[in-house]
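One structure is given below, encoded as structure tokens.
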Amino acid sequence: MKSVLEEFACGGITGDRVFHLKKDSRYERIMEIFCECEDKLTSVLDDEMKETLKQLLEAQSDSSLIEGTERFICGYRLGVLMTMEVFNGSDEIISGGSD
């Protein structure tokens, strides 16, 4: 079995989150509402407003991607800092402390 770093380097592990949704999950219900609202708006808008709605949704999607990426990076850095703190104090754990 490859190490986690080898799997990550070879593309076997990615930073993408894949949703494994249960039937009737909260996310699924929210997405249904989102799609229904988009369909209702699209049906009553003229072509110019449909284009404006499309641009709005694309901008919102892009901003969510940027925010998600930043959250992932910050969370990863925090995890590394926690790990570093654990190993920086490891001498005391191994030697039994400074009694």
Side-chain angles (χ1 to χ4, degrees):
M1 181 177 178
K2 292 181 180 180
S3 72
V4 173
L5 292 176
E6 288 173 321
E7 282 292 329
F8 187 72
C10 295
I13 300 172
T14 66
D16 297 341
R17 179 171 181 189
V18 178
F19 288 98
H20 299 286
L21 300 175
K22 295 179 182 177
K23 187 76 175 148
D24 296 323
S25 69
R26 181 172 180 241
Y27 179 78
E28 183 179 41
R29 288 190 300 274
I30 290 169
M31 290 308 299
E32 286 173 0
I33 292 168
F34 178 85
C35 290
E36 287 173 14
C37 291
E38 183 181 4
D39 290 344
K40 285 179 184 178
L41 283 172
T42 302
S43 70
V44 297
L45 296 176
D46 62 26
D47 289 340
E48 181 182 347
M49 298 295 5
K50 285 179 185 177
E51 184 60 30
T52 301
L53 176 62
K54 179 182 171 187
Q55 290 173 353
L56 172 68
L57 294 174
E58 287 174 357
Q60 183 180 22
S61 177
D62 290 346
S63 69
S64 292
L65 178 61
I66 291 168
E67 181 183 356
T69 300
E70 288 299 313
R71 285 178 181 254
F72 173 81
I73 290 169
C74 289
Y76 188 86
R77 287 179 175 157
L78 179 60
V80 169
L81 286 173
M82 290 177 182
T83 303
M84 288 172 55
E85 184 175 314
V86 167
F87 284 105
N88 283 339
S90 65
D91 289 343
E92 292 180 15
I93 295 171
I94 294 171
S95 65
S98 57
D99 292 316

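In what follows, every heavy atom counts, from backbone to side chain, and hydrogens, waters and symmetry copies are set aside. Model, not experiment: these values are computed from the prediction.
- Here the straight-line distance linking atom CG of Leu78 with atom CD1 of Ile73 works out to 13.5 Å at 0.5 Å rounding.
- At distances below 3.5 Å, not a single donor-acceptor pair connects side-chain atoms of Ser61 with backbone N or O atoms of Leu57.
- Atom CG of Leu53 and atom CD of Glu58 lie 10.0 Å apart (nearest 0.5 Å).
- Placement of Leu81 and Tyr76 within a single hydrophobic cluster is found when ILVMFWY residues are connected by side-chain heavy-atom separations under 4.5 Å, directly or transitively.
- Under a 4.0 Å N-O distance rule, the pair Glu67/Arg71 qualifies as a salt bridge.
- For Lys50, the NZ atom counts as densely surrounded, since its 6.0 Å shell holds more than 12 non-hydrogen atoms of other residues, nucleotides or ligands.
- Contact check for Asn88 versus Glu85: no side-chain heavy atoms found under the 4.5 Å cut-off.
- Atom OG1 of Thr69 sits about 4.5 Å away from atom CG of Leu65, to the nearest 0.5 Å.
- The hydrophobic cluster containing Leu41 also contains Leu56, counting ILVMFWY residues as joined when their side-chain heavy atoms lie under 4.5 angstrom apart, directly or transitively.
- The distance from the CD1 atom of Ile30 to the CZ atom of Arg26 is 4.5 Å, given to the nearest 0.5 Å.
- Between the CD atom in Glu28 and the CE atom in Met31 there is a gap of 10.5 Å [rounded to 0.5 Å].
- Interatomic distance, CZ of Arg77 versus CZ of Phe72, reported as 11.0 Å (0.5 Å rounding).
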